[in-house]
Amino acid sequence: MTRKRSIEFRLYLITDRALFPDTTALLRAVEMALRAGVKAVQLREKDLPTRPLLDLAHRMRELTSRFRARLFINDRADIALCTDADGVHLGQSSMPPSAVRGIVGERMLIGVSTHGVDELVAAEREGADFVTYGPLYATPSKLRYGAPVGVGSLKEVIVRTPMPVFGIGGIKKEMIKDVMASGAHGVALISGILGVRDITSAAEQYLNLVGERV
């Protein structure tokens with residue numbers, strides 16, 4: 001059953017500490033994006049052991065709270081609860097949204113990564129609040145999920161669900177117009193913001209392009 005909950009952000013920033021020499025540099029980069037106006041961050045550091053991840057999540061929670069931005073924790077509902085995060089983001093190998101809802105309750109938002117229509121329909125049925133869909137374009141971070149699905153596929157799935165759908169995967173500035181014209185609620189990004197030298201400027205440009213007011 002679809003839950004109709006407000007998803008007020010349109011730019012969804014996802015972390016990847018592999019782009020930085022250490023976690024301090026990652027936090028500094030995220031802070032620059034938040035200063036530019038980014039209002040939602042997913043802490044996605046799947047290979048970190050529990051204690052270092054919990055420590056980083058606490059630091060990220062402090063940072064996002066300072067800028068009144070939402071914090072999502074990838075996969076780990078327990079870490080999300082411990083840090084008073086705003087939500088959990090699940091992959092296809094994670095617990096289903098319905099089970100996570102039983103853990104985190106009604107307050108937290110639940111996002112799900114999807115790569116095809118069947119996964120999107122399942123996420124909706126299991127109570128997800130929003131999904132990411134892709135990869136739309138070729139990108140090294142999404143190679144494991146197969147060939148890019150393209151904007152045409154994005155259009156097809158959007159008409160099948162009232163859930164907010166975020167395009168993800170290799171999205172550059174010049175592609176935003178097509179992605180948003182497909183009916184996407186917004187875009188999810190890693191390297192488009194965190195992988196460039198001027199993070200503040202990149203974040204501001206993407207926020208402009210998706211129509212999110214700064």
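These numbers come from the heavy atoms of this one structure, side chains and all, not from hydrogens, waters or symmetry mates.
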Under 3.5 Å donor-acceptor, Q42 side chain and F72 backbone: no
Heavy-atom side-chain contact between R10 and V187 under 4.5 Å: no
Atom pair CG/CG of L11 and N208 - distance to nearest 0.5 Å: 11.0 Å
Among I171, V149, I168, the one residue meeting side chain to side chain contact (heavy atoms under 4.5 Å, CB included) with Y137: I171
Candidate pair E124 and V112, rule side-chain contact (heavy atoms from CB on, under 4.5 Å), full reasoning: CA-CA 9 Å; E124 179 181 349; V112 177; over 6 Å; no
R17/D47 salt bridge by N-O under 4.0 Å criterion: yes
Smallest separation among heavy atoms of A33 and I199, with atom names: N-CG2, 3.9 Å
Taking only distance into account, with no hydrogens and no angle test, what donor-acceptor pairs under 3.5 Å do side-chain atoms of residues 174-186 form with protein atoms, sequence neighbours excluded?
| unit_1 | atom_1 | unit_2 | atom_2 | d |
| --- | --- | --- | --- | --- |
| S182 | OG | V179 | O | 2.4 |
| H185 | NE2 | I7 | O | 2.8 |
| H185 | NE2 | F9 | O | 3.1 |

Pair T15, E45: side-chain N/O donor-acceptor within cut-off below 3.5 Å: yes
Minimum side-chain heavy-atom gap H58-L54 below 4.5 Å: yes
Contact check, side chains of L19 and D16, non-hydrogen atoms, under 4.5 Å: yes
pair R35-T200: side-chain heavy atoms closer than 4.5 Å: no
Nearest heavy-atom neighbours spanning L56 and L48: CD2-CD1, 3.9 Å
From CD (E156) to CG (L120), nearest 0.5 Å: 12.0 Å
NZ on K39 to OG1 on T64, rounded to 0.5 Å: 10.5 Å
Rounded distance [0.5 Å steps], NZ in K173 versus CG in L209: 8.0 Å
Single-linkage hydrophobic cluster, 4.5 Å side-chain cutoff, V30 and L53 together: yes
Side-chain ion pair, R66 and E31, N-O less than 4.0 Å: yes
same_hphob_cluster(I14, I73) at 4.5 Å side-chain heavy-atom cutoff: yes
Under the ring pair (Phe, Tyr, Trp, His ring centres under 6.0 Å) test, residues paired with Y206 that sit two or more places apart: none
Test item: side-chain donor near acceptor, S98 and E126, under 3.5 Å: no
Working for ring pair (Phe, Tyr, Trp, His ring centres under 6.0 Å), residues F166 and Y133: CA-CA 6 Å; F166 288 79; Y133 184 81; over 10 Å; no
Non-hydrogen atoms of P148 and A138 that approach each other most closely: CG-N, 3.4 Å
E204 side chain to A36 backbone, donor-acceptor under 3.5 Å: no
Note: R70-E8 ion pair, threshold 4.0 Å (strictly below): yes
Distance-minimising heavy-atom pair for P97 and A123: CG-O, 4.4 Å
Heavy-atom closest pair, residues V41 and V38: CG2-CG1, 4.4 Å
F67 with L109, same ILVMFWY side-chain cluster at under 4.5 Å: no
Separation of L26 CG from L194 CG (nearest 0.5 Å): 7.0 Å
V165 versus T161, closest heavy-atom pair with distance: CG2-CG2, 3.9 Å
Distance-only donor-acceptor check, side chains S201 and Q205, under 3.5 Å: yes
Spacing of I190 atom CD1 and L13 atom CG [to the nearest 0.5 Å]: 8.5 Å
pair T114-T132: side-chain heavy atoms closer than 4.5 Å: no
Distance-only donor-acceptor hits, side chain of residues 78-96, under 3.5 Å, sequence neighbours excluded:
| unit_1 | atom_1 | unit_2 | atom_2 | d |
| --- | --- | --- | --- | --- |
| D78 | OD1 | R76 | NE | 2.9 |
| D78 | OD2 | R76 | NH2 | 2.8 |
| T83 | OG1 | I79 | O | 2.8 |
| T83 | OG1 | A80 | O | 3.4 |
| D84 | OD1 | R107 | NH2 | 3.0 |
| D86 | OD2 | R61 | NH1 | 2.9 |
| D86 | OD2 | R61 | NH2 | 3.1 |
| D86 | OD2 | L71 | N | 2.8 |
| H89 | ND1 | Y12 | OH | 3.0 |
| H89 | NE2 | S113 | N | 3.3 |
| H89 | NE2 | S113 | OG | 2.9 |
| Q92 | NE2 | S113 | O | 2.7 |
| S94 | OG | D75 | OD1 | 2.5 |
| S94 | OG | G91 | N | 2.8 |
| S94 | OG | G91 | O | 3.4 |

Residue pair R101 / D129, side-chain heavy-atom distance below 4.5 Å: yes
